[in-house]
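Only one structure is covered here, and it is reproduced in the block below.
Worth saying up front: this structure is predicted, and the values here are computed from it rather than measured.
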Amino acid sequence: MVLSRILPLVVAFLTGIQITSSSDCDDLNHLGCWKDAKKPRAIQGFISIKNSRSPVEDCKNHALSRGFTIFGVEMGNECYTSADAHGTYQLYGKLDASVCSNGQGGQWALDVYEIVCAHAGTGMTRKYQVFSCLCTVKIAWGSNFYGNLFS
């Protein structure tokens with residue numbers, strides 16, 4: 001039972017298959033307003049989203065196109081996302097929500113989001129996270145940890 005749930009994630013991870021359909025990933029979990037700094041950035045991967053009418057949506061779509069589930073918007077025109085963002089966005093600590101503006105961050109402040117994707121064909125919502133450390137691959141489905149794939 002557990003293997004049938006984990007196997008598709010393992011295959012996707014090992015073959016490089018990415019979730020890229022924004023229609024399956026419409027839900028966002030706002031993780032709050034977080035402090036950023038110049039070096040190192042709380043979330044590394046930068047892309048400019050100047051002149052965007054929907055910076056959060058545009059940043060979400062960029063994250064999805066890269067296969068990432070965590071992203072942050074800063075100053076309403078900067079998008080940050082990376083494979084390890086789930087473990088780095090908290091680097092400098094949480095800020096009062098008033099520091100971020102309209103869900104689009106602020107000066108040295110990231111509004112951070114987690115993309116939640118519907119599990120295809122079931123109507124159920126799942127959060128997928130795959131963590132790696134040296135040769136160990138740890139698999140998590142939502143908040144449930146299922147163990148190491150390699151050790």
Side-chain angles (χ1 to χ4, degrees), residues 2 4-37 40-97 99-106 108-133 136-147 149:
V2 171
S4 66
R5 290 182 178 177
I6 294 175
L7 191 57
L9 297 176
V10 173
V11 170
F13 176 73
L14 295 176
T15 61
I17 296 170
Q18 299 176 347
I19 300 168
T20 57
S21 171
S22 60
S23 63
D24 292 336
C25 302
D26 288 335
D27 293 330
L28 291 178
N29 180 19
H30 185 243
L31 300 175
C33 182
W34 296 86
K35 185 174 175 70
D36 197 9
R41 289 288 193 171
I43 302 174
Q44 290 298 313
F46 166 77
I47 184 171
S48 174
I49 49 175
K50 286 185 180 181
N51 304 318
S52 171
R53 292 181 185 204
S54 304
V56 174
E57 185 70 18
D58 290 347
C59 193
K60 177 190 94 168
N61 290 334
H62 174 68
L64 282 172
S65 74
R66 308 275 300 156
F68 306 147
T69 59
I70 302 290
F71 69 92
V73 178
E74 189 169 310
M75 297 294 294
N77 62 11
E78 298 175 6
C79 171
Y80 294 89
T81 187
S82 64
D84 65 349
H86 62 275
T88 65
Y89 74 89
Q90 302 171 352
L91 184 63
Y92 300 108
K94 194 163 189 173
L95 294 170
D96 187 86
V99 177
C100 290
S101 177
N102 298 320
Q104 299 176 18
W108 299 111
L110 285 161
D111 261 307
V112 178
Y113 298 89
E114 176 183 37
I115 302 168
V116 181
C117 301
H119 187 59
T122 67
M124 297 171 63
T125 301
R126 298 276 190 242
K127 290 185 236 178
Y128 302 99
Q129 295 177 330
V130 180
F131 303 92
S132 64
C133 179
T136 302
V137 177
K138 298 179 179 182
I139 305 297
W141 180 295
S143 62
N144 299 317
F145 175 69
Y146 290 100
L149 181 60

Gln44 and Thr88: side-chain contact (heavy atoms from CB on, under 4.5 Å), yes or no, with the steps?
-> CA-CA 9 Å; Gln44 290 298 313; Thr88 65; over 6 Å; no
Assess whether side-chain contact (heavy atoms from CB on, under 4.5 Å) is satisfied between Leu28 and Phe71, documenting all intermediate values.
-> CA-CA 10 Å; Leu28 291 178; Phe71 69 92; 3.8 Å; yes
Nearest heavy-atom neighbours spanning Tyr89 and Ile70 = CD2-CG2, 4.2 Å
For Ala42, does its backbone N or O pair with a side-chain atom of Asp36 as donor and acceptor, under 3.5 Å?
-> yes
Is there any disulfide bond (SG atoms under 2.5 Å apart) pair reaching into residues 42-76, and which pairs are they, with sequence neighbours excluded?
-> Cys59-Cys79
For Ile43 and Gly72, the nearest pair of non-hydrogen atoms, with its separation, is CD1-N, 4.0 Å
Heavy-atom closest contact (Leu31 atom, Glu114 atom, distance) = CD1-CB, 4.0 Å
Please walk me through it: do Leu110 and Val73 pass side-chain contact (heavy atoms from CB on, under 4.5 Å)?
-> CA-CA 5 Å; Leu110 285 161; Val73 178; over 6 Å; no
Can you sort out the partners of Glu78 under side-chain contact (heavy atoms from CB on, under 4.5 Å), two or more places apart, ordered by chain and number?
-> Arg41, Phe46, Glu74, Tyr80
Report the C-alpha distance between Tyr113 and Asp111 in whole Å, list the side-chain angles of each, state the deciding distance to 0.1 Å, and finish with yes or no for side-chain contact (heavy atoms from CB on, under 4.5 Å).
-> CA-CA 7 Å; Tyr113 298 89; Asp111 261 307; 3.9 Å; yes
Minimum-distance pair of heavy atoms, taken over all atoms of Leu95 and Ala109 | CD1-CB, 3.7 Å
More than 12 foreign heavy atoms under 6.0 Å from CG of Asn102: is that the case here?
-> no
Taking all heavy atoms of Leu91 and all of Pro40, pick out the closest pair and write down the distance.
-> CD2-CG, 4.1 Å
